[in-house]
Amino acid sequence: MRCAPNPNGPWHIGHARMPAVIGTYEERYDGWFCVRFDDTDPETKRPDLEAYDQIIRDIEYLGFEPDEVYRASDRVETYYDHARELIEMDGAYTCSCSGEEFSELKNAGEPCPHRDKDRETTLEEFDAMIAGAYESGEMVLRVKTDIEHKNPALRDWVAFRMIDTPHPREEAGEYRCWPMLDFQSGVDDHLLEITHIIRGIDLQDSAKRQRFVYDYFDWEYPEVVHWGHVQLDEYDVKMSTSRIQELIQGGELAGWDDPRAPTVMSLRRRGIRGEAITEAMIGLGTSTSDVDLAMSSIYANNRDLIDEETDRRFLVRDGTELSLAGDAPTEANPPLHPNHEDRGVREIPAGDSVLLEPDDLPAREERIWLKGLGCFRYTRDALQYTGDDIDVVRDGEVDVIHWVPAAESVPVRLRTMDGDVEGRAEPDVADLESDDMVQFERVGFARIDSVAPRATDDTSGRSPRDRHEDGETVAYYAHP
RNA sequence: GCUCCGUUGGUGUAGUCCGGCCAAUCAUUUCGGCCUUUCGAGCCGAUGACCUGGGUUCAAAUCCCAGACGGAGCACCA
């Protein structure tokens, strides 16, 4: 098996399907799998030097480790050797037709004048291509297929062409004669003993083109599966490397890991495990029609993975302050995790007033249950403690809502797919560390990205009360 | 225009090659119930699909033909 990415940028979520499926099958059938960077176009699909490592990191995050890593740009001499062999077999010819000229002949099913060149001339001209004697567009090497084939896409396709722009990898900077994907990947799949190819529907004709080369060499073509495109719901941004790049450059996205970007990096930053993505991709199967991947399926997988170990906290978004009145408890002690009492409880001082989310604000004279604290009735601009016991909740008379103390809560910026949300969280949230996962009750799961400095770290001498304004804790929203 | 390929509930998927055990699997979504000082969580349950029309057959999601719809390719991109 092989995963053959084009290293021209960081991965979007659709790319994750490749290692997810290939890696899973590799494990399931005790196979072997490599990553092969098919970086044979220094110009229009110009490789991004950082993308090579980034892609490997993404694959590891998704849960897989390639047995081997190759770069096509290291193997150019091999492709030259096979091209020469093909020429010896009279299976290829050099052609100086312009693209347009050839296209007309091809569509008419007619051979171009270069087609029956003798192999010595072709060999000479091909060596001149390798030596860089031609400029871009002047000369190509074509595979001799069937010029009358009923599918015009298969007729005498280009195997090598000239590219003036040097390859960004120094090791490959001198090459000017580059193989096309169909030739390079066809030869490599055989040489690397790939038994099964899984790739996109856009390469369906490639398989047919490559078979001509395989036939010349008398090789056996691997089993091949072509799958359709993946589309994602929930994103406004189109899943395309170039589109995301544009938005980043235009400043509309903060970077590849912006929560609004449909990228592997952004899911990672939100605290979604690679395994959750992998499982969702496996669930899509390899059908050849286009598929819509529901983000909810990734979320559901992730929830299964993290729910038990993730502690609970309160976060109030866009809070409205209401003062407390009556003989209410001064502190709430809800459990860190309702299924794991042994982890202990939280300590949330109630203070004089609390913040509630807009949707949770009670109507006049209505009762609400502040979770962990008790029952209150909204009277005379304050929440009056009623002393009702939990039965009122059981009977369905009173809704349970979450809250934070107005004074002792800490500011949190929650970064979501719909933009940033300002909120305030219970005080203990300041004790979390980056990379911790948390479930903000009734809001959802989030990954702590950075934590505001603590008062003890503060050497400026300000009072503890001010410390909350020093900075805010930043969390990335994962999912409900 | 030419050449390929596909179409199962809201979404994805199994089954299609080798017709019957498929009044169609699993997951997710939605809805309902249960649990929990009472979670947009968890548990349980429910709703919900074979693109259309012909044909073959005792029997069709499955085979054949036609149509509709969708996708991909026809690059000196990958």
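Throughout, protein chains are lettered first and strands after them, A, B, ... in sequence-line order, and every chain is numbered starting at 1.
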Task: Side-chain donor-acceptor pair present, Ser185(A), Gln210(A), cut-off under 3.5 Å - done: yes
Task: Partner nucleotide, any strand, of C21(B) [Watson-Crick/G-U, under 3.5 Å] - done: none
Open item on the list: Output one letter per nucleotide in nucleotides 42-48 of chain B: B when a protein non-hydrogen atom lies under 4.0 Å from the base, S when only the sugar-phosphate is that close, - when neither is.
Closed with: S------
- [ ] Report the nucleotide, chosen from C77(B), G6(B), C76(B), that has the shortest atom-to-atom distance to any side-chain atom of Lys45(A).
- [x] C77(B)
- [ ] Can you establish whether the number of heavy atoms outside Glu148(A) located under 6.0 Å from its atom CD is more than 12?
- [x] no
Open item on the list: Under a 3.5 Å threshold, yes or no: a donor from one side chain and an acceptor from the other, between Tyr52(A) and Asp39(A)?
Closed with: yes
Task: Residue Asn151(A), side-chain heavy atoms: nucleotide from U3(B), U13(B), U28(B) that is nearest - done: U3(B)
- [ ] For Trp369(A), report the nucleic acid contact type (base, sugar-phosphate, nothing); a contact means any heavy atom under 4.0 Å.
- [x] base
TODO: Tell me which nucleotide among A72(B), G6(B), C4(B) gets nearest to the side chain of Asp202(A).
DONE: A72(B)
Open item on the list: Applying a 4.0 Å non-hydrogen cut-off, can you work out what Gly444(A) is touching in the nucleic acid: base, sugar-phosphate, or nothing?
Closed with: nothing
Task: Nearest-angstrom distance, P atom, A23(B) to U29(B) - done: 29 Å
TODO: Give one of base, sugar-phosphate or nothing for Ser136(A), where a contact means two heavy atoms less than 4.0 Å apart.
DONE: nothing
Open item on the list: Is the phosphate of G73(B) approached by Arg155(A) (side-chain N or O, under 4.0 Å from OP1 or OP2)?
Closed with: no
Open item on the list: Rounding to an integer number of Å, can you tell me how far Asp292(A) CG sits from U8(B) C1'?
Closed with: 15 Å
Task: Upstream residue (5' side of RNA chain B) when Ser297(A) and His337(A) are each assigned their closest nucleotide - done: Ser297(A)
Open item on the list: Between Tyr476(A) and Arg415(A), is there a side-chain donor-acceptor contact under 3.5 Å, judged purely by atom types and distance?
Closed with: yes
TODO: Measure the shortest side-chain to side-chain distance between Arg46(A) and Thr165(A) over non-hydrogen atoms and say whether it is less than 4.5 angstrom.
DONE: yes
- [ ] In whole angstrom, give me the gap between the P atoms of A46(B) and C26(B).
- [x] 11 Å
Open item on the list: When both hydrogen-bonding distances must be under 3.5 Å and the geometry is Watson-Crick or G-U wobble, what is C2(B) paired with, if anything?
Closed with: G73(B)
